[in-house]
Amino acid sequence: MSFVRCGILTLLMGVLGACASDNKSKSPSGPDTRADGSFVSVPQDSPLAKVHADMGDAQVRDILGPPKDTGSHTTGKQFNPFYYGGDTVRLVYYYPKLGRVIFSRDNAFSSEMRVIGVEYDPTEDGYK
């Protein structure tokens with residue numbers, strides 16, 4: 001009987017530990033990766049270098065202006081029935097010849113999207 005209790009306790013500790021991960025470990029103005037896996041840094045003279053983590057939509061629009069196109073997608077966290085945190089939906093702003101700014105919510109009850117990443121791409125056409 002004690003082996004069963006130990007196994008259940010170990011399983012619960014693993015599940016709770018996975019839920020406690022920090023989503024803000026990625027620095028949006030630091031090195032980033034493209035879809036092909038190559039690393040790209042935002043040049044200091046680029047307007048994207050002024051965008052930082054936790055900026056709101058209005059702050060980004062003040063710096064970069066309105067995006068040419070926007071897109072959104074769900075993350076895998078959306079489908080976890082026991083996950084009550086944020087980062088279930090991401091919003092992406094596309095800026096031609098600059099790249100993309102990625103937003104997400106801090107928690108499930110927040111209505112404001114905050115910057116979680118910047119992808120520098122001088123070949124960006126500005127469309128989703």
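Predicted, not measured: the structure shown is a model, and the values here were computed from it. Below, each value reflects all heavy atoms present in this structure, side chains not excepted, and no hydrogens, waters or symmetry copies.
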Checklist outcome for this item: NZ (Lys77) and OG1 (Thr88) are apart, to the nearest 0.5 Å, by 9.0 Å
Checklist entry - Backbone N or O of Phe103 within a donor-acceptor pair of the Tyr93 side chain at under 3.5 Å? => result no
Checklist entry - So, do Tyr94 and Pro67 sit near enough that their side-chain heavy atoms are less than 4.5 Å apart? => result no
Checklist outcome for this item: In terms of heavy-atom contacts, Ala49 and Pro43 come closest through CB-O, 3.5 Å
Item to check | Full working for side chain to side chain contact (heavy atoms under 4.5 Å, CB included) between Leu98 and Leu64 | outcome: CA-CA 10 Å; Leu98 287 178; Leu64 300 175; 4.3 Å; yes
Item to check | Spacing of Ile102 atom CD1 and Met113 atom CE [to the nearest 0.5 Å] | outcome: 11.0 Å
Next on the checklist: With a 4.5 Å cut-off on side-chain heavy atoms, are Val92 and Val101 touching?
Outcome noted: no
Checklist entry - Mind checking what makes salt bridge (charged side-chain N to carboxylate O under 4.0 Å, His left out) contact with Asp62, not counting sequence neighbours? => result none
Item to check | From CZ (Arg105) to CZ (Arg90), nearest 0.5 Å | outcome: 13.0 Å
Next on the checklist: Are Ser46 and Tyr120 packed together at the side-chain level, in the sense that at least one heavy-atom pair is separated by less than 4.5 angstrom?
Outcome noted: yes
Checklist entry - Less than 4.0 Å between a side-chain N and a carboxylate O, is that true for Arg100 and Asp121? => result yes
Item to check | Residue pairs fulfilling side-chain hydrogen bond (donor to acceptor under 3.5 Å, both in side chains) with at least one residue in residues 63-75, sequence neighbours excluded | outcome: Lys68-Tyr127
Next on the checklist: Apply side chain to side chain contact (heavy atoms under 4.5 Å, CB included) to residues Val51 and Val115 and explain how you reach the verdict.
Outcome noted: CA-CA 8 Å; Val51 177; Val115 173; 4.1 Å; yes
Item to check | Ion pair check, Arg114 and Asp54, cut-off under 4.0 Å | outcome: no
Checklist entry - Linking I/L/V/M/F/W/Y whenever their side-chain heavy atoms sit closer than 4.5 Å, directly or via other members, would Met55 and Val89 fall into one cluster? => result no
